[in-house]
Asks: 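Pasting in a structure now, in structure tokens, and then I'll have a few things to ask.
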Amino acid sequence: MSLSLYYALPALGSYAMLSIFFLRWPHLLHTPRAPTFRVRLAAHRGGSGELLESTMEAMENSMAQRSDLLELDCQLTRDKVVVVSHDENLYRQSGLNRDVGSLDFEDLPLYKEELEVYFSPGHFAHGSDRRMVRLEDLFQRFPRTPMSVEIKGNNEELICEIADLVRRYDRNEITIWASENRSVMKKCKAANPEMPLSFTISRGFWVLLSYYLGLLPFIPIPEKFFFCFLPNIINRLIMRKSLIRHLEERGVQVVFWCLNEESDFEAAFSVGATGVMTDYPTALRHYLDNRGPTAQTS
């Protein structure tokens, strides 16, 4: 054995043992963070598989199923109204080939009578309510309901308007910043640092890499939510129970999206996920009440 290996192997062994130890007991290095609320059932686009996405009718339906979180995407109109809309361009939703930002709120078109459910191809949602809703309307209607607000584009004005609305309605602790883009998330955090953060794509990959390199117990984690979109086969390969348990014990809730089948619900909770985000809140509520983790512990 070479001299370098003689010293390196014991060092690597000690590092591995420390990493495993603190992965299991992270509270010895990090102050535990108690969650303000817990997410078991999250409604994607307000429950877009059952009623037209992002409408008040869809939100009402999701709340009737005791959703813990409403997931929203926001855009800004020409007259500076924050509206709940997944797309900036209105064509898919309404048939009008215009951007939300090119129209005043009062001129926004109605949604189509039916919309295909993006994560359930071939399935269509219908509803009697076809109007686009303001974010402020949702804050007024559901004042204490947690919501995740995703910012799709790099629109600083939109970010500032949302941050101000959240402050005005005293929702700092129950409204989550969400974005796939790290630079956008930095702007969100600057606009309202009191709102909890979710992981961006790059930060999510960094956490996974840190876990497999043994670094995760030693790095700070400011985020409180990990919205994880991964196919089942990848979930089973990389989303380990020990990783999710570690994140949970450090105050990070792991929510898998967008899962629409009972077998997917089962797969997510079997690896320890905090919750599931779905287009079908009624189906997930039925699972949770009859076969899910809440039923097993009640």
Side-chain angles (χ1 to χ4, degrees), residues 35-74 82-86 93 110-120 123-150 165-166 169-171 173-176 178 196 198 225 227 253 255-266 268-269 273-298:
T36 304
F37 59 92
R38 287 188 65 79
V39 178
R40 275 282 189 254
L41 193 168
H44 181 244
R45 302 187 196 177
S48 62
E50 298 178 5
L51 290 160
L52 292 177
E53 64 182 56
S54 305
T55 60
M56 185 66 78
E57 186 178 42
M59 308 291 175
E60 295 275 7
N61 175 67
S62 294
M63 294 309 300
Q65 300 306 319
R66 308 197 307 279
S67 294
D68 304 303
L69 178 76
L70 297 175
E71 188 272 340
L72 318 171
D73 308 274
C74 289
V82 181
V83 293
V84 180
S85 171
H86 180 271
Q93 299 168 168
L110 297 175
Y111 285 120
K112 294 177 181 177
E113 292 184 357
E114 67 174 19
L115 289 173
E116 187 172 21
V117 184
Y118 185 83
F119 289 102
S120 295
H123 295 260
F124 292 84
H126 306 79
S128 58
D129 181 6
R130 297 167 55 197
R131 295 167 297 175
M132 196 170 291
V133 66
R134 302 182 306 165
L135 182 63
E136 187 170 9
D137 295 330
L138 294 184
F139 286 176
Q140 291 174 349
R141 178 64 186 87
F142 310 110
R144 304 315 304 161
T145 298
M147 300 180 193
S148 171
V149 179
E150 182 168 359
L165 279 172
V166 169
Y169 286 91
D170 191 25
R171 295 181 50 90
E173 294 186 345
I174 59 172
T175 310
I176 305 164
S198 60
F225 293 89
F227 298 127
Q253 298 187 49
V255 179
F256 285 6
W257 71 281
C258 183
L259 308 185
N260 291 333
E261 303 291 338
E262 187 171 297
S263 59
D264 294 328
F265 304 159
E266 183 68 31
F269 287 116
T274 312
V276 163
M277 188 180 295
T278 183
D279 291 310
Y280 297 93
T282 301
L284 181 51
R285 172 49 56 198
H286 182 269
Y287 168 82
L288 290 171
D289 287 349
N290 291 280
R291 290 176 294 281
T294 49
Q296 294 168 5
T297 57
S298 62

Asks: Taking side chain as C-beta onward, heavy atoms only, is Leu115 less than 4.5 Å from Ser48?
Replies: no
Asks: Hey, are the side chains of Leu41 and Arg285 touching, using non-hydrogen atoms and a 4.5 Å cut-off?
Replies: yes
Asks: Any donor-acceptor pair under 3.5 Å linking the side chain of Glu71 with the backbone of Arg45?
Replies: yes
Asks: With side-chain contact (heavy atoms from CB on, under 4.5 Å) as the criterion, how do Asp68 and Phe37 come out once you've worked through the C-alpha distance, each side chain's angles and the decisive distance to 0.1 Å?
Replies: CA-CA 8 Å; Asp68 304 303; Phe37 59 92; 5.9 Å; no
Asks: Can you find a heavy atom in the side chain of Val276 that is under 4.5 Å from one in the side chain of Tyr287?
Replies: no
Asks: What are the two closest heavy atoms between Pro196 and Thr175, and how far apart are they?
Replies: CD-O, 3.3 Å
Asks: Can you name the ring-ring contact (aromatic ring centres under 6.0 Å, His included) partners of Tyr111, sequence neighbours left out?
Replies: none
Asks: For the pair Phe119 and Trp257, name the ring-plane relationship: parallel under 30°, tilted 30 to 60°, perpendicular over 60°.
Replies: perpendicular
Asks: Kindly check if the number of other-residue, nucleotide or ligand heavy atoms within 6.0 Å of CD (Glu113) is above 12?
Replies: no
Asks: Hey, what do you get for CD1 (Ile176) to CG (Leu69), rounding to the nearest 0.5 Å?
Replies: 5.0 Å
Asks: The criterion is side-chain hydrogen bond (donor to acceptor under 3.5 Å, both in side chains); which residues satisfy it with Thr278, sequence neighbours excluded?
Replies: Asn260
Asks: What's the shortest heavy-atom distance between Ser128 and Glu57, and which atoms?
Replies: OG-OE2, 2.8 Å
Asks: Which atom pair, heavy atoms only, marks the closest approach of Leu259 to Ala268?
Replies: CD1-CB, 3.7 Å
Asks: With a 4.5 Å cut-off on side-chain heavy atoms, are Gln65 and Tyr280 touching?
Replies: no
Asks: First locate atom CG of Leu284, then atom CZ of Phe265, and finally report the distance between them rounded to the nearest 0.5 Å.
Replies: 4.5 Å
Asks: Could you check if a side-chain atom of Arg141 sits within less than 4.5 angstrom of a side-chain atom of Met56, using non-hydrogen atoms only?
Replies: yes
Asks: Looking at every heavy atom in both Arg171 and Pro143, which two are closest together, and how far apart are they?
Replies: NH1-O, 3.0 Å
Asks: Provide the closest heavy-atom pair for Leu72 versus Met59 in the form atom of the first, atom of the second, distance.
Replies: CD2-CE, 3.3 Å
Asks: Looking at side-chain heavy atoms only, is the closest gap between Phe142 and Glu60 below 4.5 Å?
Replies: yes
Asks: Which heavy atom of Leu52 sits nearest to which heavy atom of Ala58, and what is that distance?
Replies: O-CB, 3.3 Å
Asks: What's the spacing between Met147 CE and Leu138 CG if we round to 0.5 Å?
Replies: 5.0 Å
Asks: Just by distance, do the side chain of Ser62 and the backbone of Ser67 share a donor-acceptor pair under 3.5 Å?
Replies: no
Asks: Glu262: what forms a salt bridge (Lys or Arg N to Asp or Glu O under 4.0 Å) with it, not counting sequence neighbours?
Replies: Arg291
Asks: With a 4.5 Å limit on heavy-atom distance, are the side chains of Arg131 and Leu110 in contact?
Replies: yes
Asks: Between atom OG1 of Thr55 and atom CG of Asn61, what is the distance when rounded to the nearest 0.5 Å?
Replies: 9.0 Å
Asks: Give a yes or no on whether a salt bridge exists between Asp289 and Arg66, defined as a side-chain N under 4.0 angstrom from a carboxylate O.
Replies: yes
Asks: Within the side chain of Ser198, is there an N or O that forms a donor-acceptor pair under 3.5 Å with the backbone of Phe225?
Replies: no
Asks: What distance separates Asp279 CG from His44 NE2, expressed to the nearest 0.5 Å?
Replies: 6.0 Å
Asks: Mark yes or no for whether Arg40, through its side chain, and Thr274, through its backbone, hold a donor-acceptor pair below 3.5 Å.
Replies: yes
Asks: Check step by step if side-chain contact (heavy atoms from CB on, under 4.5 Å) holds for Gln140 and Tyr169.
Replies: CA-CA 8 Å; Gln140 291 174 349; Tyr169 286 91; 2.9 Å; yes
Asks: Going by heavy atoms in the side chains, are His123 and Glu116 under 4.5 Å from each other?
Replies: no
Asks: What's the spacing between Phe227 CZ and Ser148 OG if we round to 0.5 Å?
Replies: 4.0 Å
Asks: Kindly say whether Thr282 contributes a backbone atom to a donor-acceptor pair with the side chain of Glu50 at under 3.5 angstrom?
Replies: yes
